[in-house]
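Take a look at the structure set out below.
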There are 4 protein chains.
Amino acid sequence: MAEGITAKKPTRIQLRNRKRILDAALDVFSQHGYRGATLDQIAAEAGLSKPNILYYFEGKEDIHVTLLNKLMDAWLDPLRHIDPHGDPLEEILRYVHRKLEMSREFPRESRLFANEVLQGAPRMGPHLETGLKELVDDTARVIEDWIAQGRLAPVDPRHLIFSIWATTQHYADFDAQVQVLMEGRDVHKGASEFLDTLYRRMLAP
Amino acid sequence: MAEGITAKKPTRIQLRNRKRILDAALDVFSQHGYRGATLDQIAAEAGLSKPNILYYFEGKEDIHVTLLNKLMDAWLDPLRHIDPHGDPLEEILRYVHRKLEMSREFPRESRLFANEVLQGAPRMGPHLETGLKELVDDTARVIEDWIAQGRLAPVDPRHLIFSIWATTQHYADFDAQVQVLMEGRDVHKGASEFLDTLYRRMLAP
Amino acid sequence: MAEGITAKKPTRIQLRNRKRILDAALDVFSQHGYRGATLDQIAAEAGLSKPNILYYFEGKEDIHVTLLNKLMDAWLDPLRHIDPHGDPLEEILRYVHRKLEMSREFPRESRLFANEVLQGAPRMGPHLETGLKELVDDTARVIEDWIAQGRLAPVDPRHLIFSIWATTQHYADFDAQVQVLMEGRDVHKGASEFLDTLYRRMLAP
Amino acid sequence: MAEGITAKKPTRIQLRNRKRILDAALDVFSQHGYRGATLDQIAAEAGLSKPNILYYFEGKEDIHVTLLNKLMDAWLDPLRHIDPHGDPLEEILRYVHRKLEMSREFPRESRLFANEVLQGAPRMGPHLETGLKELVDDTARVIEDWIAQGRLAPVDPRHLIFSIWATTQHYADFDAQVQVLMEGRDVHKGASEFLDTLYRRMLAP
DNA sequence: TATGAATGAGAATTCATTCAT
DNA sequence: CATGAATGAATTCTCATTCAT
């Protein structure tokens, strides 16, 4: 009881502050991991006092979970946009490019997610088992249909999806390594061309 | 300082205990990350007292760094075994399979490494910039030669290497997710076949 | 960092608690030395919890350094009040008596200082080399002038200063010994008369 | 029981090692104080293993007490050599110079003693109350006799003794400060001349 | 004698969270 | 809404001492 935010309509200030906190938390969590992050860092980066943070969220874990929830929605969205009635190869390539784009635009989200899964997804189990599982199963079925119709070269659809996730998120998650090995090169352009070639050659019927 | 293990030749007990500690630490660090791991956990898992752990290592960071050092050697080894005089496609496929194998045999090492790079590789910079960089540059040159000779389909060699790392390590690093999505299926067999197909189709000249 | 006391103007509570802590710390540090003192003791004596102590100061060393800084100011003050235009002998005797007085009123400060210098002044180097050095050089010059004018018997001014410090601080620093050897006698009165005689006989022109 | 050193005659090795340990301990204790010193440091400096140290002494405190015992003997020795039948002024000046000499030759001993008294002489009470007290009382009586005979200017003998201790030991105990303030000057020569003048002027009948 | 191994009792410090205003 | 103040529960690390050989 007596929690800060009630179920009533939030004011503008509340909305703004929650947003600030989540943004700061995304920064800190994605960089240091859950345990490595401190409320102090988040508070400092949000420009709020520590107790004020706890007025908006129930605690450290609440912030983290809120972040993961928001993330998963956006994260899975591109998968939902694969059109079963579109051209198979182009649909998949569009997905690949969209994922690569997200890796570039939202590297913090990618790392937050990676951190969580790496540690066994202790705060995310439900999300994986319901939302994600169903979505992947659906998509796998679509791909299998395409293959059965001879419109895609035969591959295991789930491993295909994994490979897309792996290769695109790699540029966000392993950025520290990529930067060292690519020195001044234009990483994103090269990645985009490479992945285009990779999946085109692999999937062309 | 001036305590514990000196620079002299280690006894059997020392060897055994250091091994125990490193094994326990690998477990704990790979699961919880550097900050999330505690000496208590490591000590408990190693079956030693906490101060005894600090008799063998200078501190938490020393253990972690020792682990990373050992890891990098083994981690890069397969890359060193690509034979410039072998058959290009087979050499690369052998590398892919070896990496996938390592992902299965040494998932903790893979996650330890992922954890570290994900956080910007704060304790690993040197390793990346010297050992790894050179090795990747060398390998890239070999691949470029093969491509120039028309023995491999043209691709950017560095992105090729990234994709191999990403797709193989994914099975270790994102295991929590993979398990949920693959349910009872034989993940490794599927992955092996998939990646074989993937790189064969992409690289066949 | 990013915790506790910010750079803003301190509240009454802050002022009161910092004072409490410093007073307790002076007690403990002067009695046990830096290493021998524990935050637990300081906290207990200040009537605050240990973490609360660390809310006001960055750590043990911060408390100690703060104490030394405050101390040095007061410590050197009497030396600054030697008036070059006053009567030489009376000026010096006034200094002697003032120092003896401080030894009696602030024995903890004297011991804190002694403890620090005894261990090589590891946390006080700067203070000695700037503030103190200059002040002593200035004073030495004044004394030399007086001697040149025949208004004081000739002596090395620096050794004179040392002897004043030594003889006056002795009653604070070696109190344990003095008490044993003086039994019930009125130490302060005797010391005052003795030092008056000592410096009068030595310095009368 | 089962203590290392029995009451039997010590071997050469035992003698040599005890000496080594005490010398190392003197170094460490005089520099860092009792609590600040560690057995590790002492062991390292003595070139022996820590358990071996504890074979020769019962513990840290035992070493410290042994050191203090030895010290007190030597420390008080010059006081015993004041000859009631000698020339008063010369006897006292000889004592002053001998004490100054000891300060220069045995600064570690001086600091060890200062450290101990500074902290209330917790491990030295008995020594002060028996040996020292008697000796000082005896000496005071001798001085009083000399004064009564008109062979010394009248002063309180105990404060006189304190002042001699204070001024001579100062050069050892506050060496860190003296060095800063005296820069390149020949400290010892100056001190010797100064103290000679000081006590000559004060005590000449 | 000597030492490698081990540990219990601290000690400093961090941090999420609570309290009071 | 907001924050200064406070703290209990860790967490890393130190150190005198003991054990076993």
Side-chain angles (χ1 to χ4, degrees), chain A residues 2 4-5 11 13-14 17 35-43 48-63, chain B residues 1-6 8 10-14 16-17 35 37-43 48-62, chain C residues 1-6 8 10-14 16-17 35-43 48-63, chain D residues 2 4-5 11 13-14 17 35-43 48-63:
Chain A
I5 298 294
T11 61
I13 293 186
Q14 283 182 7
N17 279 350
R35 286 286 303 270
T38 74
L39 283 187
D40 267 318
Q41 289 173 298
I42 295 173
L48 297 171
S49 72
K50 215 171 8 166
N52 203 11
I53 298 248
L54 294 169
Y55 171 78
Y56 289 101
F57 291 90
E58 299 201 6
K60 188 182 181 180
E61 180 153 1
D62 185 24
I63 303 177
Chain B
M1 160 184 48
E3 253 256 51
I5 298 299
T6 65
K8 297 181 183 177
T11 56
R12 287 124 265 158
I13 293 185
Q14 279 184 24
R16 191 201 53 186
N17 280 349
R35 287 285 304 270
T38 73
L39 284 185
D40 266 318
Q41 289 173 298
I42 295 173
L48 297 172
S49 73
K50 215 179 350 175
N52 202 14
I53 298 265
L54 295 167
Y55 173 75
Y56 288 100
F57 290 90
E58 300 205 1
K60 188 181 178 180
E61 179 153 2
D62 184 25
Chain C
M1 166 184 42
E3 254 256 53
I5 298 299
T6 65
K8 297 182 183 178
T11 54
R12 289 124 265 160
I13 295 185
Q14 279 183 25
R16 191 199 53 184
N17 280 348
R35 287 285 303 270
T38 72
L39 285 185
D40 266 316
Q41 289 173 296
I42 296 174
L48 297 171
S49 73
K50 210 174 2 169
N52 202 14
I53 298 264
L54 295 166
Y55 173 74
Y56 288 100
F57 290 90
E58 301 206 0
K60 188 181 178 179
E61 179 152 3
D62 184 25
I63 303 178
Chain D
I5 298 293
T11 61
I13 293 187
Q14 284 183 7
N17 280 350
R35 286 286 303 270
T38 73
L39 284 187
D40 268 318
Q41 290 173 296
I42 296 173
L48 296 171
S49 72
K50 215 174 4 168
N52 204 11
I53 298 248
L54 294 169
Y55 171 79
Y56 288 101
F57 292 90
E58 298 202 7
K60 187 182 181 179
E61 180 153 1
D62 185 24
I63 302 177

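Lettering of chains follows the sequences in order, A, B, ..., and the numbering in each one begins at 1. Nothing here was measured: the structure is a model prediction, and the numbers come from that model.
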Length of the line joining [X]:[atom1] and [N]:[atom2], which is rounded to integer Å:
X: C/Lys60; N: F/dT14; atom1: NZ; atom2: C1'; result: 12 Å
X: A/Leu39; N: F/dA10; atom1: CG; atom2: P; result: 17 Å
X: D/Asp40; N: F/dC15; atom1: CG; atom2: P; result: 7 Å
X: D/Lys50; N: F/dT14; atom1: NZ; atom2: P; result: 12 Å
X: C/Leu54; N: F/dT11; atom1: CG; atom2: P; result: 18 Å
X: D/Ile42; N: F/dT17; atom1: CD1; atom2: P; result: 11 Å
X: D/Glu61; N: F/dC15; atom1: CD; atom2: P; result: 18 Å
X: B/Asp62; N: F/dT14; atom1: CG; atom2: P; result: 12 Å

Non-hydrogen atoms of [X] and [Y] that approach each other most closely:
X: B/Tyr56; Y: B/Asn17; result: OH-ND2, 3.0 Å
X: A/Lys60; Y: A/Arg35; result: NZ-O, 3.7 Å
X: C/Ala43; Y: C/Ser49; result: CB-C, 4.1 Å

Quiz item: Which base sits across from E/dG8 as a Watson-Crick or G-U pair, both distances under 3.5 Å?
Solution: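 Looking at the geometry, E/dG8 pairs with F/dC15.
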
Quiz item: Who is the Watson-Crick or G-U wobble partner of E/dA20, with both distances under 3.5 Å?
Solution: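 The base-pairing partner of E/dA20, which may sit in any strand shown, is F/dT3.
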
Counting any heavy atom closer than 4.0 Å, what does [X] reach on the DNA or RNA strands: base, sugar-phosphate only, or nothing?
X: A/Ala37; value: sugar-phosphate
X: A/Ile13; value: sugar-phosphate
X: D/Arg35; value: sugar-phosphate

Self-check item: Residue closer to the 5' end of DNA chain F, C/Ile53 versus B/Pro51 (nearest nucleotide)
Solution: C/Ile53

Self-check item: A/Asp62 side, atom CG; A/Ile53 side, atom CD1 - distance, nearest 0.5 Å
Solution: 11.5 Å

Quiz item: How long is the gap from CG on C/Leu48 to CG on C/Leu39, to the nearest 0.5 Å?
Solution: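 Nearest 0.5 Å value for the CG-CG distance: 12.0 Å.
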
Think [X] has a side-chain N or O under 4.0 angstrom from the OP1 or OP2 of [N]?
X: D/Tyr56; N: E/dT1; answer: no
X: B/Asn17; N: E/dA6; answer: yes
X: C/Thr11; N: F/dA5; answer: yes
X: C/Asn52; N: F/dA5; answer: no
X: B/Gln14; N: E/dA5; answer: yes
X: B/Tyr55; N: E/dA6; answer: no
X: A/Thr38; N: E/dT14; answer: no

Quiz prompt | Student check: side-chain heavy atoms of B/Lys50 and B/Thr38 closer than 4.5 Å | solution = no

Quiz prompt | 5'-most by nearest nucleotide on DNA chain E - B/Arg16 or C/Glu58 | solution =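 Taking each residue's closest nucleotide, the earlier one in sequence belongs to B/Arg16.
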
